Amino acid sequence: MTRQIVLASNNPGKVREIAQLLAALDLSVLPQSQFDVPDVEETGLTFVENAILKARNAARKTGLAAIADDSGLEVDALDGVPGIHSSRYAGIGSSDQADLDKLLQALTDVPQGDRSARFQCLMVYLAHEHDPTPIICQGAWEGRILFEPRGDNGFGYDPVFFVPTHNCSSAELPPEIKNELSHRGQALRMLVAALAKKG
Ligand code: IMP
């Protein structure tokens, strides 16, 4: 029988991608908007804490198993900033463009050799609200920050994230290639494997 799982995100791209991979396991992924789950405050100090907060909130409100992810960009020259604050680097409610501009500004004087960075993604699964042993999967994608944006695909910091293995920015990659390489793709495939093993 198909089991339902709530996804603690309303991003249609994420829902589609996760639903496709989990359909093979007879799991049906539903966005939390279908249950009117209100967003929870991301008060954690780490990606994993925030992912668990989001998943627990969705599990509590729906009574279903829940999946959530939390992701962001770590820049070495900025000691890991923007990190968990990636979506609001330029302030609460800031646009992707404002966040990206602030990042380029902060790195103006940093030479190419010191612009290493990575995207991190923590994806968690809670069988229920009080699950004491969540499945936790982590993906990391290494690159460096460009001096100027390149490409129109993706979102967030993609136009300034240079992918050395493909010699282009992540906004210049076709979406299917980005999914193969990305922090989120890595974490998601690990989660699918863990759920398949769990049965
Ligand atoms: P969240 O995990 O949905 O909270 O997103 C965190 C933030 O990290 C996003 O708003 C982006 O600023 C950034 N981010 C995470 N993943 C990516 C990515 O694949 N490309 C570009 N930016 C990303």
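Each ligand, and each atom within it, is numbered from 1 in the order the structure gives. Treat the numbers as computed from the prediction; the structure is a model and nothing was measured. Numbers here are sequence positions counted from 1.
Here the CG atom belonging to Leu195 is positioned 11.0 Å from the CG atom belonging to Leu21, to the nearest 0.5 angstrom. The line from CG of Asp76 to CZ of Arg144 is 13.0 Å long, rounded to the nearest 0.5 Å.
A cation-pi arrangement is present between Arg115 and Phe147 under the rule of less than 6.0 angstrom and at most 45 degrees off the ring axis.
Glu172 pairs in a side-chain hydrogen bond (donor to acceptor under 3.5 Å, both in side chains) with only one of the listed residues (His166, Arg150, Lys178), which is Arg150.
Protein residues with a heavy atom under 4.0 Å from ligand 1 are Lys14, Lys54, Asp70, Ser71, Gly72, Ser86, Ser87, Phe119, Phe155, Gly156, Tyr157, Asp158, Lys178, His183, Arg184.
Ring planes of His183 and Trp141: parallel class, angle under 30° (limits at 30 and 60°).
Side chain of Glu49 to main chain of Leu45: a donor-acceptor pair is present (N/O by atom type, distance under 3.5 Å, no hydrogens or angles).
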